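See below for the structure under consideration.
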Amino acid sequence: MQSDDIPALFASLQIPQNHTNVGLSNLLSSNSQIKSLFLHKRLPDAGWSDVQIQRLLLELSVLDTNCEETVQCRFSGANTTSSSGFAHRWTGAGEREGRIYSNLVSQRHYGLGHGIGRSGDVMEAQPKAVGSSALLRLTLRLALDAVRRGAGLNGNVAKGEARNGPAAFGTLLPVCTGMSMSLVLSGLRDRARSMDAAAACNSDQPEQERNIVLWSRIDQKSCFKAILSAGLKCVVLPTKKNPHTDEVSTDLDALQEALDIHGNSVLAVLTTTSCFCPRVPDEVDKVAKLILQWNDGKPGAGVSHVINHAYGLQCQSTNKLLNRACTIGRVDAIICSTDKNFLVPVGGSLILSPNSKVIDSISKNYPGRASASPMVDLFITLLSMGLNGYKAVLEERIRLVHLFRKSLDRVASVFGERVLNCPRNTISFGITLDNLTKLDNRDNVDLLTSHATPTAAGTDDDAVKKQQQQLNSQITKFGSMLFTRCISGTRVVPCSSTKTISGHSFQGFGSSNDNYPNAYMTAACAVGMCEEEMNEFFVRLEKAWMDYRSKVEKNARRII
């Protein structure tokens, strides 16, 4: 219904003109908001109401074909047929026509059943789904606006100037961070092949396959698996422990050595900026500069730099680090999770880059169409937040960080532990659990201490390993106790545990370091946490710790 037609149509129903004018003003105001959104492609300062968002989604849905009715209704005979026997405007004779059986599913997706993209490009518009295509493009622009004006990443420039910075260009992928990492690496490999082939034609040097990723170790299974899933070889770079703090971080010397060894076989270096304590963000600015210098004068694509920024958008200092990295060195792609940064269900990623050609190669690498569901979730959430709402959740997290650290210090002192000193990680915090094991295994700890240096006696070494396993078992029991008391998200990391992933063994898994000296647990002060939730967490943590002590003392009395 056109707004110009409403006065006459309502007058025919004998509705007073002044009443119609009041209602019409609401409609015109809503239309003005939608028009402004499409013209400026920026987050509104204030968030929209649910009704406004639903109205826009339904209008976009109408623009897609074959969205009038669910298949269930057709089979049940609920539809009213026309004289020709079929009541709908569109008839679909393809294998994919956006048909949805369940009415509940159709309502959940606002009738948007065609997905996004086409077989050649996840960002490409499709003729049967102009509404879904518009929603995808608009969601990307809103997300880029959020990370530029909200999170503080560079990329928003004046008209006519060249774009630069980490958020200059971007694409949205309807898969989680790990799968997005595989797609990013695959896209970079395809781009490198074409660039290296062109360089080889203009020189006497043979073309060399780039099939190695240098990965600065971070003990998250998905990162390692993502490299292997892309059909690439992973060289795990060791980390180093800071001698003055508890931090575990980038080993730039190991990176330089690996580049010297593997040379032009290296496709990319993969670094991380969001991680569990005691791991701190990689020094991505120094890595970016090192890669730029390494590539200097070499033909072809050179070594790329991919940054896993999974939930790092909520940290201002890390975002500044990315801005600097793109200014002084090479950065090709930055992978951000939508669920951790924008408080939506798991299933989407935002890929950022200062290079539009990199984004094109990643978008074109996605096979087939993609689910629109993660994009709809993100679109709704961004409009609901508005710029002010997004900034508010970021600022609230910053306010809580100081209270979180203070409460963690208090709990640590009560139980004779200490908070890990990792000042460069302001999201994840750690607290030692060394006295937790001593409380239950004094004899075992004495044995471990006396055998700190390996001996030639194999039996002694075996005994030490067995006792270490027993100590680690006590640590993991404490972690289970936290979960049964409805505390989620904490990680309990024992000493010297080994994890094998796809044939590769990681010593000291969890701490991202072979020889980390402490057992510890981590807890995160992440975006979306409120002060009441934080306070309740510490109440439950302290009670769980006291319950653990009570159980240990009770067991000790039974043995006596």
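The structure presented is a predicted model; accordingly, all values stated were derived computationally and were not measured.
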- Message: Using a 3.5 Å distance criterion without hydrogens, assess whether the side chain of Arg148 forms a donor-acceptor pair with backbone atoms of Asn154.
- Response: no
- Message: Treating Ser133 as the side-chain partner and Ala125 as the backbone partner, does any N or O pair qualify as donor plus acceptor under 3.5 Å?
- Response: no
- Distance (rounded to the nearest 0.5 Å) between Cys223 SG and Ile218 CD1: 6.5 Å
- Is there a donor-acceptor contact under 3.5 Å from the side chain of Thr338 to the main chain of Gly348? yes
- Are any of the side-chain heavy atoms of Leu136 and Met123 separated by less than 4.5 Å? yes
- Query: Side chains of Ser180 and Ile351: does their closest heavy-atom pair fall under 4.5 Å?
  - Reply: yes
- Criterion side-chain contact (heavy atoms from CB on, under 4.5 Å) on Leu252 and Glu283, from CA distance to verdict: CA-CA 9 Å; Leu252 291 172; Glu283 297 169 288; 4.2 Å; yes
- Query: Do Asp282 and Thr250 have side-chain atoms, one donor and one acceptor, less than 3.5 Å apart?
  - Reply: yes
- Using the ring of each side chain (for Trp, its six-membered ring), is Trp215 parallel, tilted or perpendicular to Phe506, with breaks at 30° and 60°? perpendicular
- Task: Inspect the contact between Arg55 and Glu59 and indicate whether a charged nitrogen and a carboxylate oxygen are less than 4.0 angstrom apart.
- Result: yes
- Message: Looking at every non-hydrogen atom in both residues, tell me the closest pair between Gly479 and Val492 and how far apart they are.
- Response: CA-CG2, 3.5 Å
- Query: Quick check: does any side chain N or O of Ser49 sit under 3.5 Å from a backbone N or O of Gln52, one acting as donor and the other as acceptor?
  - Reply: yes
- Task: Determine yes or no for a side-chain-to-main-chain donor-acceptor pair under 3.5 angstrom, with Gln314 supplying the side chain and Val527 the backbone.
- Result: yes
- Please check if the side chain of Asn264 supplies one atom and the backbone of Glu209 the other of a donor-acceptor pair under 3.5 Å. no
- Message: If you apply the rule side chain to side chain donor-acceptor pair (under 3.5 Å), what do you find for Ser36 with Gln33, and how did you get there?
- Response: CA-CA 5 Å; Ser36 177; Gln33 284 183 308; over 6 Å; no
- Query: How far does CD of Gln293 sit from CD of Gln256, to the nearest 0.5 angstrom?
  - Reply: 8.5 Å
- Query: Counting N and O atoms only, with roles assigned by atom type, does the side chain of Asn388 sit under 3.5 Å from a partner on the main chain of Asp45, one being a donor and the other an acceptor?
  - Reply: yes
- Query: Tell me, do Leu259 and Val303 make a side-chain contact under 4.5 Å, heavy atoms counted?
  - Reply: yes
- Note on the structure: CG of Leu387 to CG of Leu43, rounded to nearest 0.5 Å, is 6.0 Å
- Message: A quick test of your reading: do over 12 heavy atoms of other residues, nucleotides or ligands sit less than 6.0 Å from NZ of Lys241?
- Response: yes
- Task: Examine distances only and state if a side-chain atom of Tyr516 and a backbone atom of Asp246 form a donor-acceptor pair shorter than 3.5 Å.
- Result: yes
- Item | Minimum side-chain heavy-atom gap His309-Ile335 below 4.5 Å | no
- Under-4.0 Å salt bridge between Glu247 and Arg424: yes
- Residues Lys364 and Glu124 bridged, charged N to O under 4.0 Å: no
- Task: To the nearest 0.5 Å, tell me how far Leu172 CG sits from Phe379 CZ.
- Result: 12.0 Å
- Message: What verdict does the side-chain contact (heavy atoms from CB on, under 4.5 Å) test give for Tyr311 and Thr318, after you've listed the backbone C-alpha separation in whole Å, the side-chain angles of each residue and the deciding distance to 0.1 Å?
- Response: CA-CA 10 Å; Tyr311 51 90; Thr318 309; over 6 Å; no
- Message: With a 3.5 Å distance limit and no angle check, can you tell me whether Asp332 reaches the backbone of Leu188 through a side-chain donor-acceptor pair?
- Response: no
- Message: Give me the atom names and distance for the closest heavy-atom approach of Asp121 to Ser363.
- Response: OD1-CB, 3.2 Å
- So, Arg217 and Asp219, do they make that salt bridge, N to O below 4.0 Å? yes
- Task: Identify the two heavy atoms, one from Leu292 and one from Gly329, that lie closest to each other, and give their separation to 0.1 Å.
- Result: CD2-CA, 3.9 Å
- Task: Return yes if some donor-acceptor pair links the side-chain N/O of Ser132 with the main-chain N/O of Ala129 below 3.5 Å, else return no.
- Result: no
- Val401: partners by side-chain contact (heavy atoms from CB on, under 4.5 Å), with sequence neighbours left out: Arg397, Phe429, Cys525
- Query: What's the verdict on side-chain contact (heavy atoms from CB on, under 4.5 Å) for His109 and Val376, showing C-alpha distance, side-chain angles and the deciding distance?
  - Reply: CA-CA 8 Å; His109 293 269; Val376 173; 6.0 Å; no
- Task: Kindly compute the distance separating OG (Ser361) from CZ (Arg193), expressed to the nearest 0.5 Å.
- Result: 12.5 Å
- Message: Looking at Lys298, I'd like to know if its NZ atom is crowded, meaning that more than 12 non-hydrogen atoms belonging to other residues, nucleotides or ligands lie closer than 6.0 Å.
- Response: yes
- Chi angles and distances behind the side-chain contact (heavy atoms from CB on, under 4.5 Å) call for Val269, Val213: CA-CA 6 Å; Val269 175; Val213 174; over 6 Å; no
- Item | From CZ (Arg191) to OG (Ser304), nearest 0.5 Å | 7.0 Å
- Item | Residue pair Asp339 / Ser337, side-chain donor-acceptor N/O under 3.5 Å | yes
- Do Arg279 and Thr239 come within less than 4.5 Å of each other through their side chains, counting heavy atoms only? yes
- Message: If you define the side chain from C-beta out and look only at heavy atoms, does anything of Phe38 sit under 4.5 Å from Leu56?
- Response: yes
- Query: Is the closest side-chain heavy-atom distance between Asp251 and Leu237 below 4.5 Å?
  - Reply: no
- Looking only at heavy atoms, what is the nearest atom pair of Pro354 and Cys326, with distance? CG-SG, 4.2 Å
- Report yes if some heavy atom in the side chain of Leu232 is under 4.5 Å from a heavy atom in the side chain of Leu185; otherwise report no. yes
- Item | Sole candidate of Leu153, Ile359, Thr171 that passes side chain to side chain contact (heavy atoms under 4.5 Å, CB included) when paired with Leu352 | Leu153
- Message: Regarding Lys41 and Asp145, does a basic nitrogen lie under 4.0 Å from an acidic carboxylate oxygen?
- Response: no
